[in-house]
Amino acid sequence: MLATLTRRGALATAALVLVVGAAGGQGAENRLIIVTSFPKDLTAPYAKAFEKKYPGTKVEVQNRNTAAAVTFIRETKSNPPDIMWASAPDAFAVLKSDKLLQKYQPKAKGIAQKVGAYPVNDPDGFYVGFAASGYGIMYNTRYLKANRLAAPKEWGDLKKATYYRHVGISAPSRSGTTHLTVETILQGEGWDKGWATLLEIGGNLADVSDRSFGVPDAVNSGQYGVGIVIDFFGLSARASGFPVEFVYPSVTAIVPANIGIVANAKNRKVAEDFIEFLLSEEGQQILLDPKIQRLPVRLSTYKKAPAGYPNPFTDKRLKGIPFNSELSEGRYELLNSLFDRVITFRLKDLNAAWQAIHTAEAQLGPRGSAEAKRLIAQARTLATAVPVTEKEASDPTIAGAFRRLKKGEKVAGRQAEFESRWDATASKNYAEARALAEKALTAK
Amino acid sequence: MTTTTLSAGPRPRFSLAARYGASMPQVVALFAVAIFLIAFLVVPIVRVFMVAFTHPEGGFTLVHFGDFFRTRLLREAFWNSLYVATMTVVLASLIAVPLATILSRFRFRGAALIHTLGVVPLVMPPFVGAVAMQLIYGRNGSINLLLMDWFGFRIPFMEGLNGVIFVEALHYFPFILLNLSASLSNIDSAMEESAQNLGAHGFTLFSRIVFPLALPGYIAGAALVFVKVFDDLATPLLLNVNNMLAPQAFLKITSVGITDPMGFVISVIMVICSVGGLALSGLLLRGRDFSTQQRGGGGLSQRELRRGGRIAATAFVIFAVALALSPHVGIFLLSIATVWSYAVLPDAFTLAHYQTIFREAGPLISNTVLYCGLAGLIDVILGATIAYIVLRTRLPGRRLVEQVAMSAVAIPGLVLGIGLLRTYYDVMLPFSGESLATFWGMLVIAYAVRRLPYAMSAATAALRQVHLSLEEAAESLGAGKFTTLTRVVVPLMTGGLLAGFVTSFATAAVELSATLMLVTRAGDAPLAYGIYVYMQSAAGRGPGAALGVVAVVVVAIATFVSYRIAEHERGLKSRVGALS
């Protein structure tokens, strides 16, 4: 019955289906399976060069976004892929803590121990940095010209009223590298001052993207003019012909991109060969490809780099500030959630508050009455306030609520309870800030 | 399936037929469908959703659901999703109802072509579609750049909830178009003629006779739009609108290392709402009879339009098609552009991107056609079976099966992907020793499960219009249940089944989230995966768009072929040809 029920419906496709043969097929014995979030521009040259160097080896690249890659490795424990290859340091931290990676000490010599303020390799040996990247500002030159905007150079520039709704960033909860940038700002400027900077820039944001590549995508198209991005997004877009530029501000986070061997990998030997190949002179040089543009961790490779290629080992701007990873780890999940509560999910309210403040400041100028100045100062305080203190953020009974609880661990509430409270405070603050700024205008 | 146990005729021979109006094969079919759904939907999903009911310190709890309603952001998200879904139905109807009416009531050259073009909006290649939409309608898209140049203002097409409504309506109006067209073509022209004899014409005829008779198709389409938009993730993410349910769930579920159960709580709530939406649409139709007895599939008489009418109708069709295809024009331009940035049109044109994808396009296309064709086929079989059992029997549990099948519309692809991986990764295939979860057939199943609601709705709408007396007549003339089914019921449902197949096929062709979870070999990958891989870098934008164009063309060809076949069959059944 079932077969005939659709006989006529099937006619429509029969012709098409007939053309198609069976898909799939088994590969060679020496198959190296790599799960990666990197684009084809990066993976394809490596796969090709590696297969050439090791004849008889087949590199099978599985492209997944970082979250899907982590989940895939978690769900396929019984017969896992061989290698995890991605940028996001948090993804590797999660895999490591779930015991889904195995240790490997690379043999290659001439590799830097530290890049910026960050160790290249996992101190416990579970994953290996093969390239570095710095955070900076990418901008669309056509866009800036059409909107008569100056090119930004420092994070502080992005606070200026002229950049209102011209800036984009990806959420730290969605991008491990953005997370490190936010953490770097907080550690560099201190918790309260750092959040004030973030919230003031937040007031100028046109969008908080849910994926890292969403930001360069939008800047490339000219949907907004300025993006806070990792360097290779800007550099490779420029190399592909887009009218964009990229600058490192004087304070930046430099982060390694990593590779690790998955626990119980079938082809451990081939996986090790692949890592060594990545770190070899030949492998590091591929990073200089205009479509890739990542910073090598092998010092000698920079001699072959074209003029003007950023070098984190000589460029002072890329030295980085001291980074306390223990502090960062203790509040990792909490910080992601907090950023989303006070910026991502209340962006419209934050925009409105800052627009009101900017308008009031522009119209009143230095001539405003004392009352107006007081109102604006009050509005600024509210629009730069964060509902969590630095001490609370590292308090395990609060930060613990955002992690999987260990046995016997006690926390002061559920994640949803904290989030609900923060959200309420943030939206109330922004509404009040806006009202105060608007009142300042009439209090001439 | 054997047909030896078929009980012929309405004789109350044994209790099954008497009590439930069902025959043995129907019971078996219901069981088969239920087993399929339990194996590939219920079990995998429950294994993932369990965490929504688990207390942080272990044990069963409903506390997270309390948290949902206590959180203002989520309450807001709930109402926003409801608002957007409702308004999208309104806007999509404004496009689809006139279009469907014009296409099926009046003789119109190139109707099959326009029907095909009407399906194309459903094919929004991942990421490519988003970039193209921004380049056309975005804040600094072509239209707004022109407006700024000429008049000094912008229209925020792509901002906030209204932006979501606009994009969703453009994207999903084909659901209404397809189902309503199928319904309209099933109305008996005798009904219309009687009404005309009694003096009704023009708008009265349409609003009192034609539209009410086509209601099952309209409701099926509108309910699908509502439920799909309520659960849709791609568009809110494309517009960066977070304060809706689907993105809230997605952001929670897909953040690395986050263990918050709220994402799954939201998903459970979305499933409940979607099933509720379907039940509600069923209630709207309950107790009414939409079937016509004579000839069933004969269709309304198609008439020549007068001059003024023809101009107006042509203008509307051109407007609607242009609007619906504007994203695809953008995708096409993107695929032949060198660089397109902050400009009305690309800087220069090139064919290099097609050259780049030339070699790999072949296997991607054949995989897509194979997977989606099979998935569409499975959906039509399952959908028609469920529809038949729900409407023609009183078997216990039939509504539950329908609702479970419908709930798939609210399941995020990623969640289904994780569930299938978790449930079937350790099951090995007998010969190759390959895991069942990463076998390409699992992609077919994942697509089939996720698209089943479309085909099921279409089949249900089609069957509502087939009068029971036609089956009874066939049986009293000595035809067995089996013959009746294959010679009478299925042919009369052709239009609806076709609409179901086309929607399932077209939307599966661009499914990404489940694909990304289950594809393990480049050789097994469908087009959506190929597009994803390219769209992660600036240099890949052109080749990604070129693959997007390939996806659209593949679906368009499949749809066109389907319609030509349907038109051919309709031409054989209809007496219109003889009249004019």
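Computed from a predicted model, the values in this text were never measured in an experiment. Residue numbers start from 1 in every chain, and the chains themselves are labelled A, B, ... in the order their sequence lines are given, proteins ahead of strands.
Interface remark: A/Asn79 contributes backbone and side-chain atoms alike to the contact with chain B (heavy atom separation under 4.5 Å). Of the atoms belonging to A/Ala424, not a single heavy atom falls under 4.5 Å from chain B. For A/Asp340, no part sits under 4.5 Å from any heavy atom of chain B, backbone or side chain. Contacts of B/Asn144 with chain A are absent, with no heavy-atom separation under 4.5 Å from either backbone or side chain. With a 4.5 angstrom heavy-atom cutoff, A/Phe213 touches chain B only via side-chain atoms. When heavy atoms are compared at a cutoff of 4.5 Å, A/Phe232 does not approach chain B at all. Proximity to chain B is limited to the side chain of A/Lys410, based on heavy atoms less than 4.5 angstrom apart. Using a 4.5 Å cut-off between heavy atoms, B/Val131 touches chain A through its side chain atoms alone. With a 4.5 Å cut-off on non-hydrogen atoms, A/Arg341 touches chain B through its side chain but not through its backbone. For A/Arg238, no part lies under 4.5 angstrom from a heavy atom of chain B. Using a 4.5 Å cut-off between heavy atoms, B/Phe127 contacts chain A through its side chain alone, with no backbone atom that close. In this structure, chain B has a heavy atom under 4.5 Å from the side chain of A/Asn140, while its backbone stays farther away. Heavy atoms closer than 4.5 Å to chain A are found in the backbone of B/Leu518, but not in its side chain. Contact annotation for A/Val61: only backbone heavy atoms (N, CA, C, O) come within less than 4.5 Å of a heavy atom of chain B. Contacts between A/Val411 and chain B at a heavy-atom distance below 4.5 Å are absent for every atom of the residue.
No side-chain heavy atom of B/Tyr529 sits under 4.5 Å from any side-chain heavy atom of B/Leu364. Annotation: side chain of A/Leu42 is in contact with side chain of A/Arg294 (closest heavy-atom distance under 4.5 Å).
When the candidates B/Met158, B/Met535, B/Met493, B/His64 are compared by the number of heavy-atom contacts under 4.5 Å with chain A, B/Met535 comes out ahead. For the set A/Gln223, A/Lys40, A/Glu419, the entry with the most heavy-atom pairs within less than 4.5 Å of chain B is A/Gln223. In terms of non-hydrogen atom pairs under 4.5 Å with chain B, the most contact-rich of A/Arg414, A/Glu417, A/Lys291 is A/Arg414. Between chain A and the residues B/Gln134, B/Arg72, B/Met148, B/Arg70, the most heavy-atom pairs under 4.5 angstrom are made by B/Gln134. Of the listed residues (B/Asn242, B/Leu73, B/Thr71), the greatest number of heavy-atom pairs within a distance under 4.5 Å of chain A belongs to B/Leu73. Across A/Gly214, A/Ser78, A/Ser175, the residue that shares the most heavy-atom pairs under 4.5 angstrom with chain B is A/Ser78. No other option in B/Thr338, B/Asn243, B/Val519 has as many heavy-atom pairs under 4.5 Å with chain A as B/Val519. Ranking B/Leu421, B/Asn240, B/Val502 against chain A, the residue ahead of the rest is B/Asn240, based on heavy-atom pairs under 4.5 Å. Ranked by non-hydrogen atom pairs under 4.5 Å with chain A, the options B/Phe250, B/Tyr388, B/Tyr532 are led by B/Tyr532.
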For this session: Let me see the working for A/His166 and A/Tyr139 under ring pair (Phe, Tyr, Trp, His ring centres under 6.0 Å), right down to the final yes or no.
Result: CA-CA 10 Å; A/His166 290 309; A/Tyr139 53 86; over 10 Å; no

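Between A/Glu75 and A/Arg64 there is no salt bridge, since none of the side-chain N atoms of the basic residue sits less than 4.0 Å from a carboxylate O of the acidic one. Taking a cutoff of 4.0 Å between a charged side-chain nitrogen and a carboxylate oxygen, A/Arg31 and A/Asp82 do not qualify as a salt bridge. At a threshold of 4.0 Å, the pair B/Asp347-A/Arg142 counts as salt-bridged, since one of the basic side-chain nitrogens sits closer than that to a carboxylate oxygen. Ion pairing between A/Arg211 and A/Asp217 holds under the 4.0 Å rule for side-chain N and carboxylate O. Between B/Glu76 and A/Arg346, at least one side-chain nitrogen of the basic residue sits less than 4.0 Å from a carboxylate oxygen of the acidic one, meeting the salt-bridge criterion.
To the nearest 0.5 Å, the span separating CD1 on B/Ile418 from CG on B/Leu414 amounts to 4.0 Å. Between the OG atom of A/Ser240 and the CG atom of A/Asp41 there is a distance of 7.0 Å, given to the nearest 0.5 Å. A/Leu235 CG to A/Phe246 CZ: the interatomic distance, rounded to the nearest 0.5 Å, is 6.0 Å.
Ring planes of A/Phe418 and A/Trp422: tilted class, angle from 30 to 60°.
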